[in-house]
Amino acid sequence: MSAKDEKINLLVDMGFSEDEANMAMTTCGVDADLCVLVDSISASRVAGDCHSRNLFDDQVMDRCFDSFGEREKARLMEERKKKRKRYGGGSHGNRSSLDGSDDEQMHLPNPMVGFNLPGYRRPSVMRMLPQQAIGPPFFYYENVARTPRGVWETISRFLYDIEPEFVDSMHLSAAARKRGYIHNLPIENRSPLLPLPPKTIFEAFPHYKKWWPSWDPRRQLNCLQTTVASAKTTERIQCLLARSSNPPPPSVQKYVIDECRKWNLVWVGKNKVAPLEPNEVEYLLGFPRDHTRGVGKTERYKSLGNSFHVDTVAYHLSVLRDMFPNGVSVLSLFTGIGGGEVALHRLGIHMRAVVSVEIGEANRRILRGWWDQTQTGTLIEVADVKSLTPDIIASYVGRFGGFDLVIGGSPCNNLAGSNRHHRDGLEGEQSSLFYHYFRILDVVKSAMARM
Ligand code: SAH
């Protein structure tokens with residue numbers, strides 16, 4: 001049997017039609033890996049094509065600020081122009097740098113260890129913050145590290161030209177999570193949460209050793225995402241392995257391991273893989289057990305997939321502990337399930353007040369449930385960042401005597417996903433939400449300067 005026929009047979013065995021298998025072979029080439037072929041078939045089943053729209057263009061900006069009147073919009077546009085110039089207009093010209101047409105891409109460090117990591121002997125980076133970046137308030141912005149070209153440059157330009165700190169949480173846990181953070185916190189004398197979290201799959205879940213085949217070399221998990229593998233995917237693997245020799249031939253091994261990597265599957269029985277349970281994801285991300293329990297399973301995976309890695313964020317926020325012995329007041333934008341709040345709590349930092357802005361009802365319920373169990377401070381919940389007008393922001397600033405910390409990561413849900421067909425997180429409506437982070441922070445800064 002030719003290599004081509006063998007692959008077509010395997011695909012048909014997996015439940016795809018012969019036509020689909022042939023089409024995938026034509027699209028991807030005869031040498032393509034099995035999982036590339038499966039991806040291609042799945043992709044062509046997904047309705048609609050991956051489209052690329054201009055990102056963060058002026059129209060988006062217009063839409064985003066329409067509700068705040070012409071004056072506010074004009075001021076921010078002017079600010080944006082100035083920042084664009086300051087950042088080195090030459091190479092960027094007057095193009096919007098988020099339109100994907102920039103020549104340069106932000107260099108992502110490798111290894112992605114940020115300015116420093118707990119326990120690493122690498123000398124800590126010295127950094128001088130630009131004058132306009134210095135608080136109050138302290139602020140902390142997070143987003144996925146890998147974005148379309150120019151995104152981080154623009155985010156940085158808006159956030160006072162601060163250099164992003166890129167960290168892959170694989171250095172602090174058993175799962176990867178590549179994120180960029182822009183903040184004006186000191187970076188010396190950080191301390192990690194103790195005990196340090198497990199760094200390998202077997203340290204985290206020793207019972208999975210029993211079924212782990214010797215040909216699966218994974219010791220850490222990939223980024224924990226918002227969706228998990230379907231029963232079809234795990235079934236397909238089980239059937240394939242049942243019909244293979246032991247150990248399976250290299251092409252089957254490769255297919256299975258690629259799928260396991262893509263979906264973070266673990267071995268739970270003979271030939272049997274499964275996605276992690278939500279409580280296992282909570283554990284890996286540093287949340288208390290059952291933190292997200294009480295909402296649907298799909299919703300739990302989604303919220304966890306979007307959340308902070310608590311230990312990483314706590315490491316960065318740990319410098320606040322000595323600075324604010326009487327606790328902090330926090331403006332938490334895009335709160336999600338409260339990764340920032342859980343980090344502060346686990347650091348032993350009292351939250352006198354949190355104004356939390358989160359649109360998801362289930363997320364708000366999760367945060368409220370956790371807050372009522374663990375906190376004594378005031379929690380104010382707001383649904384939509386768009387509803388925070390300058391007057392409303394100023395009134396919170398007055399009521400709480402300013403904010404000590406403005407924290408948040410605007411949605412980019414699927415930018416880091418392995419499924420390229422869902423890589424639309426930074427487009428249009430969603431992308432414009434970053435501007436609200438900047439807009440709100442800017443209003444807080446001005447209001448606090450007047451205090
Ligand atoms: N850091 C958070 C997750 C951030 S993900 C955590 O640790 O859980 C981005 C969040 O922004 C999502 O929870 C999403 O529901 C929320 N969001 C999306 N649009 C919003 C809006 N217009 N106003 C407020 N929150 C919004």
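Counting convention: from 1, in listed order, for ligands and their atoms alike.
His316 and Tyr181 share no donor-acceptor pair across their side chains, judged by distance under 3.5 Å alone. Counted by atom type alone, Thr292 and Ser303 present zero donor-acceptor pairs between their side chains at under 3.5 Å. Side-chain contact check for Arg236 and Thr233: no donor-acceptor pair (N or O, by modelled atom type) lies under 3.5 Å.
The ligand atoms of ligand 1 that sit less than 4.0 angstrom from a heavy atom of Gly409 are 4 (C), 9 (C). Atoms of ligand 1 lying under 4.0 Å from any heavy atom of Leu433, numbered from 1 in the order shown and given with element: 19 (N), 22 (N). Interface atoms of ligand 1 facing Gly339, defined by a heavy-atom separation under 4.0 Å, are 6 (C), 7 (O). Taking a cut-off of under 4.0 Å to the non-hydrogen atoms of Ile337, the atoms of ligand 1 that pass are 6 (C), 8 (O). Proximity to Ser307 (heavy-atom distance under 4.0 Å) selects the following atoms of ligand 1: 6 (C), 7 (O), 8 (O). Near Ala383, with a cut-off below 4.0 Å to any heavy atom, the atoms of ligand 1 are 23 (N), 24 (C).
Using a 4.0 Å cutoff on heavy atoms, Thr335 counts as a contact of ligand 1. Residue Glu358 places a heavy atom less than 4.0 Å from ligand 1.
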* Derivation of the ring-ring contact (aromatic ring centres under 6.0 Å, His included) call for Trp212 and Phe202 -> CA-CA 10 Å; Trp212 210 270; Phe202 297 147; 5.3 Å; yes
* **Worked check of side-chain hydrogen bond (donor to acceptor under 3.5 Å, both in side chains) between Arg157 and Thr154** => CA-CA 5 Å; Arg157 197 156 56 231; Thr154 299; 3.1 Å; yes
* Check against ring-ring contact (aromatic ring centres under 6.0 Å, His included), Tyr141 and Phe434 -> CA-CA 9 Å; Tyr141 176 81; Phe434 160 71; 5.3 Å; yes
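Summarising the contacts of atom 7 (O) of ligand 1 with Tyr437, Phe308, Phe287, the nearest heavy atom is found in Phe308. Counting heavy atoms only, Asp384 comes closest to atom 21 (C) of ligand 1 of the residues Asn143, Asn306, Asp384.
Using a 4.5 Å heavy-atom threshold, the side chains of Pro186 and Phe138 count as touching. Side-chain contact between Phe139 and Ile182: present, with at least one pair of heavy atoms (C-beta onward) separated by less than 4.5 Å.
Looking at Asn363 against ligand 1, only its side chain comes within 4.0 Å, counting heavy atoms.
Close N/O approach between Gly340 and ligand 1 is not found [any backbone or side-chain N/O within under 3.5 Å]. At under 3.5 Å, not a single nitrogen or oxygen of Ser303, backbone or side chain, sits near a nitrogen or oxygen of ligand 1.
Put simply, the side chain of Asn222 never gets that close to the backbone of Asn264: no donor and acceptor are under 3.5 Å apart.
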